[in-house]
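Reading through the structure tokens given below for one structure.
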2 protein chains.
Amino acid sequence: MTKPRIVIVGAGFGGLAVARALRHAPVDVTVIDRHNYHAFLPLLYQVATSGLTAQDVAHPVRSILRSLPNARFRLGEVCGADLDARWVALQGGEHIPFDFLVLAAGSTTETWGNQSVADHALPLHDLEHALAVRNRALSCLERADATADPALREELLGFVVVGGGPTGVELAGALAELKRHVVPHDFPALEGAMRVWLLEGRSALLPSLPPRLQAKALLQVTGLGVEVRLGALVERVDPTGVWLRSGQRIPARTVVWAAGVRGEKLAEELGLASGQSGRIAVDETLAVPGHPGVYAIGDLALLKGAERLPQVAPVAIQQGQAVALNLLRTLRGHPPFPFRYHDKGSMATIGRNRAVALVFGWELSGRIAWWAWLLVHIVFLVGFRNRAAVLLNWAWNFFTYDRGLRAVVGGNPIPDLALQRSEKGDASVARC
Amino acid sequence: MTKPRIVIVGAGFGGLAVARALRHAPVDVTVIDRHNYHAFLPLLYQVATSGLTAQDVAHPVRSILRSLPNARFRLGEVCGADLDARWVALQGGEHIPFDFLVLAAGSTTETWGNQSVADHALPLHDLEHALAVRNRALSCLERADATADPALREELLGFVVVGGGPTGVELAGALAELKRHVVPHDFPALEGAMRVWLLEGRSALLPSLPPRLQAKALLQVTGLGVEVRLGALVERVDPTGVWLRSGQRIPARTVVWAAGVRGEKLAEELGLASGQSGRIAVDETLAVPGHPGVYAIGDLALLKGAERLPQVAPVAIQQGQAVALNLLRTLRGHPPFPFRYHDKGSMATIGRNRAVALVFGWELSGRIAWWAWLLVHIVFLVGFRNRAAVLLNWAWNFFTYDRGLRAVVGGNPIPDLALQRSEKGDASVARC
């Protein structure tokens, strides 16, 4: 008889954990992803701030699967499925049959229905986003250095990060370090003029951490020069800035939206999205009710009963391993195990020697937390080459205070229309 | 009195050589480039074949100029000028005044008026091009691995490089190494099916080298599995392949055009382009006749009298130094010196331990030429971080036979229309 066909949608932390856990099992594994690489998303913000290259945090999926004898990779975007006929459809029309399906497509940006956010704020969910943020930021500095228009200059030098979770805090901190260590050398005329805002709707940063660490994080990020606004709700984003509910206006050409995530649109396309932020509701064994042999894990899954789990790599990895186990138990006719999350802690880095970490209940902050963060991230990076490249770049950044990876490659980073509109004089000068 | 204003258009080898040579002179230097980085173009083909990252061969111009007290950088595209009123115009309308102007904008692709080349072949003149070639090549392999259509598969696995100069030879060799060392691991089903063609209209490769080295290069590149066609002239390129004058058809979704360069369009925009491949004719002192204080160097310049100089970095660098000297002599009321090119030789690498080099008249080939090539390119790379990163990646490539930088980031690498057209069945299957 042919081996059971396991189809895994998504080559993130969760999807790869399933494939790895099945490496010695008598099954055929197919991993499908719309990208040919696994992205180490926790370091996206460093790509967005010239600290790392995109390739540093990306590892080709095929290289990873080389060591898994029963796994193959398929580049493609799943855009439909018939869960009873047991196939998923790829963009382009092809059907991939499965006996077991693991949905691990991850998450995307939650704009809470605010169209102006979708139109004008920059998301930070994949490598393309990170490069877009980097190119926008660097181009705004170049532009600001060249213009004589004070209003335009203020807009170009305004950087707003919305969302006080780990991503928002880490990005704001990294932008503040660009302001401190790179701008003074590269743009002497702009020294001190760049401004970084961090907006959080709730009353504290890093909600998943204990109050003491939240307070430390606030101190550290503020100490770097980030202007933190707690209880600040965004009313509207436009090409030249942000309006707050309070009526306050923050001029900024670079607005990054890190305020909440929702399940990848795949959940809706398969008609499985639950009301709660478009994730797929699963039972305590991570199975999708009503669809035997179909599972959802990681950011895409909403685990019933359990208190809401954080949308982080460890959850996705542990759920991936649990699904692999339950899948094999099902094949052997055994009942599946319920999933239990073993929380080893969480951490956020803010800048050189500045970080907060909750590790096995220990509250760390400052230098020790920073080194702990560095260690953990190096260890979990996939691939020796990536580790070496990241170490090299981090060493460079640490010892020189520089960010070497500032070449703006690709696209037109600043929406031209927006630029023209507010740029004085332009219209009067004949363009060549 | 104010210092003389020197405006340099282009931050390539030539433009930066001028700025460096003027670092201690009593002048104000402004370097203008449309990119914020200096690209080490001799290594573009390695970015195009996943051997190096774009950031490895790019160095921020502002980092370079930090060490030049009298130089500043301006990001922008020069699109016009009034050489009598002494200003250049930037896209956007702004005017930059100058007392002396050095045009060092480099070169672009020469398609010899063949529109089908402009429409369907990939150029390889800057980093964006290199990434486009890389993403196209990797996506074609993914696609070929997924399709059942033999005709489409053949097209996707066909790689054509047009032009037997250093760029063409080096790119074809690097593609052949991808075929030998990466495809068998990542795409076992495609092993041996990938084909690499190198087309050259003349009767030998590497025209600038002596016949003995030309023959060795031909042997080495053929030995790597490249199908070399000498005396092959391209009639037409379309999305699925190349037609030769001979009537032969080569199916290929990836066609790279490395057959000749012409002066950047800037030469035409300034009305200075000479008939010969759009370069700016200069006298033996590198001055543009009829426009005192205006110079052109590097790929953009056509030196009268002298036999046609190769369009390589050493020529641009030496001309940049010569222009800086002549410019200062002019300021002091001394007559300028005529430019003499000191040819230290030329080299081309073909693959691991395969290269040819003519160094100070010595003819080297094979391993020793390869190490010489490596050494020279590391030494001339700009920036410690870049050297370290390139060494790291080269060491990785050398010892693992792998190419680690295969994450496809950005854009849609394969023209969809072309794919649909020749893909059987697609139309009949409902797309989601």
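First the proteins, then the strands, lettered A, B, ... as listed; each starts at 1. Source: prediction; values computed, not measured.
Interface remark: B/D126 contributes no atoms to any contact with chain A (heavy atom separation under 4.5 Å). Heavy-atom distances place no part of B/L65 under 4.5 Å from chain A, backbone and side chain included. Only the side chain of B/N393 comes within contact range of chain A, judged by heavy atoms closer than 4.5 Å. Both the backbone and the side chain of B/L405 come within contact range of chain A, each with at least one heavy atom under 4.5 Å from a heavy atom of that chain. With a threshold of 4.5 angstrom between heavy atoms, A/L75 approaches chain B through its backbone and through its side chain. At a 4.5 Å heavy-atom cutoff, the contact between A/D402 and chain B is made by side-chain atoms alone. Heavy atoms closer than 4.5 Å to chain A are found in both the backbone and the side chain of B/R385.
Using a distance-only test at 3.5 Å, with no hydrogens or angles considered, no donor-acceptor pair links the side chain of B/N36 to the main chain of A/S139. Listed for the B/Q55 side chain is a donor-acceptor partner under 3.5 Å among the backbone atoms of A/A407.
The pair A/R74-B/E142 does not meet the salt-bridge criterion, since no charged nitrogen lies less than 4.0 angstrom from a carboxylate oxygen.
Scanning for side-chain hydrogen bond (donor to acceptor under 3.5 Å, both in side chains) contacts around A/H59 gives A/N386, with sequence neighbours left out.
Side-chain contact between B/V408 and A/H35 is absent, with no heavy atoms from C-beta onward closer than 4.5 Å. In this structure, the side chains of B/F384 and A/T400 stay at 4.5 Å or more apart for every pair of heavy atoms. Using a 4.5 Å heavy-atom cutoff, the side chains of A/R406 and B/S63 are in contact. Counting heavy atoms from C-beta outward, B/D186 and A/F73 have side chains that stay 4.5 Å or more apart.
Of the residues considered (B/E269, B/R134, B/R72), B/R134 shows the highest number of contacts with chain A, using heavy-atom pairs under 4.5 Å.
Annotation for A/R66 and B/V182: closest pair NH2-O, 4.2 Å, computed over non-hydrogen atoms.
With rounding to the nearest 0.5 angstrom, the CZ atom of B/R62 is 10.5 Å from the CG atom of A/L138.
Within residues 43-51 of chain A, no residue has a heavy atom under 4.5 Å from a heavy atom of chain B.
With a 6.0 Å radius and a threshold of 12 heavy atoms from other residues, nucleotides or ligands, A/F398 has its CZ atom above the threshold.
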